[in-house]
Amino acid sequence: MPDKPGLTSHLNLNVRGLPISATLGINERSHELIRQGRQIFKLGLGQSPFPVPEVVVNELRINAHQKDYLPVLGLPELRTAVADYYHRTQGLHFAGEDVMIGPGSKELMFILQLVYYGELVIPTPSWVSYAPQAHIIGRQIKWLETDASNHWKVTPQNLSRLCASDPDRPRLIILNYPSNPHGYTYSNDELAAIAEVAREYRMLVLADEIYGEVNFRGDHTSIAQFYPEGTIVSSGLSKWCGAGGWRLGTFAFPAELQWLKHAMATAASETYTSTSAPIQYAAIKAFQGGPEIDEYLIQSRRVLAHLSDTLVSRLHAAGFDIAPTHGGFYLFLDFEAFRPELASQGLVDSVALCEQLLNDTGVALLPGVAFGRPLGELTVRIAFVDFDGSAALAAASALPAGQPLPADFSARYCTNCVTAIEQICRWVAGFSTTPPG
Ligand code: GLU
């Protein structure tokens, strides 16, 4: 008699065979290698290098005793603080009731995809988890072609072409900028043009603006300014407030999309119940802002901009085709210029490339394929976060305001990141000088 299939074969087919998320996978692998005694440059997981601002940590201390379950949509005072934050920073008119708080914006995105019935539209490259979430839920995914020379941005032409192929199909587009994985952002004109297409085809826009506050120039604009009726604005504490592990995300809904918020509340109430109470109380302070938060953001942007520029110019000098970025803490690097040398070593895809780099140099990165790029493309994501953010912030604050940081700032305070990039540059140079055979 043939063996009866075990219970494992009854796994949901949408989950069967899926690995854990690439970002978490590379983080756990890096820690394992460090435990084994390897020196690893942790440029895999995109975790903010900065500490949570002291004023926010203090609020958490004060509220450690908060033990009650909170309303599923979130603590009313926090929801109001988030609405006020959008009014203050973007001129957007949300009321506290329009805001939903969740245990990370990632969870809110999953629930949104669960309750909304439509095709997911995302540019390639996009953050690693949008597509797997759609896959788990069983939604269709349409990747929008982009162009490296246009900073991998969505264009109204491409979007319009995709929508015109089936104009009535319900669609959710996720627009994330400054972008994870490439650090580029959109101009107001570009946002307005995308908004026009979204409006024409009644698309739902999820504006993932979690890196908005770490736009280097501090002039992030929400696409909700151009398409308020169809945009949900997503953010959280993870990237601009250094609190990824606190797990707090926010969605702000326009009046027209309250039905989605209600459906999400139902799904949330039957799954995670509510977001951690002490974290919600502490988050009020973060969204209310104030001089300490302003100073924290100014110095965070200053450090990240300097580091990004330093890394980009070193990579450029080593022969990579890469332009300065606009925000966040990522670079998306293409090794195409070195393809013949890499191919001669048997490295013809982004996974093999990252493996070999990790093995030879200790630099942990993620392959472009994890972000929806073709496997054979030699792209990788660099998360330039392996440095002591507290020391870097303190050093930047001690330098005269409003002036560029000294040229050697990143080499002094973000040493691991600069060393890792130098390792990459030396690694490719080594291949170019190695005689074939
Ligand atoms: N957003 C971060 C990244 O792309 C990490 C968080 C996550 O993936 O859950 O690396």
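Bear in mind that the values here come from a model prediction, so they are computed numbers and not experimental data. Whatever order the structure lists them in is the order used to number ligands and atoms, beginning at 1.
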Atoms in ligand 1 flagged as close to Asn180, the criterion being non-hydrogen separation under 4.0 Å: 1 (N), 3 (C), 4 (O)
Centroid separation Trp127 to Phe332 less than 6.0 Å: no
Subset of ligand 1 atoms that lie under 4.0 Å from at least one heavy atom of Arg381: 3 (C), 4 (O), 10 (O)
In this structure, is the centre-to-centre distance between the rings of His151 and Tyr184 below 6.0 Å? yes
Nearest neighbour in protein (non-hydrogen) for atom 5 (C) of ligand 1: Leu45 CD1, 3.5 Å
Could you list which atoms of ligand 1 come closer than 4.0 Å to a heavy atom of Lys106? 7 (C), 8 (O), 9 (O)
Carboxylate-amine/guanidinium proximity below 4.0 Å for Glu190 and Lys153: yes
Just go through Lys239, Glu107, Arg247 and tell me whose heavy atom is the nearest to atom 2 (C) of ligand 1. Lys239
Arg29 with Glu32: basic N within carboxylate O range, under 4.0 Å: no
Ring centroids only, cut at 6.0 angstrom: are Phe384 and Phe329 within range, meaning strictly under it? no
Thr23: numbered ligand 1 atoms lying under 4.0 Å from its heavy atoms: 3 (C), 4 (O), 7 (C), 8 (O), 10 (O)
Within the 4.0 Å heavy-atom cut-off, what Val128 brings close to ligand 1 is neither
Using a heavy-atom cut-off of under 4.0 Å, does the side chain or the backbone of Gln47 touch ligand 1, or both, or neither? neither
Of all heavy-atom pairs linking Cys425 and Arg314, the shortest is SG-O, 3.9 Å
Side chain, backbone, both or neither: which part of Phe329 has a heavy atom under 4.0 Å from ligand 1? neither
Under 3.5 Å, N or O to N or O, is Ser129 touching ligand 1 that way? no
Hey, which of His220, Gln225, Glu209 is the one that makes side chain to side chain donor-acceptor pair (under 3.5 Å) with Gln90? Gln225
In terms of the angle between their ring planes, are Phe409 and Tyr413 parallel, tilted or perpendicular, with boundaries placed at 30° and 60°? tilted
Could you tell me the residue and atom name of the protein heavy atom closest to atom 10 (O) of ligand 1, and the distance to it rounded to 0.1 Å? Gly46 N, 2.7 Å
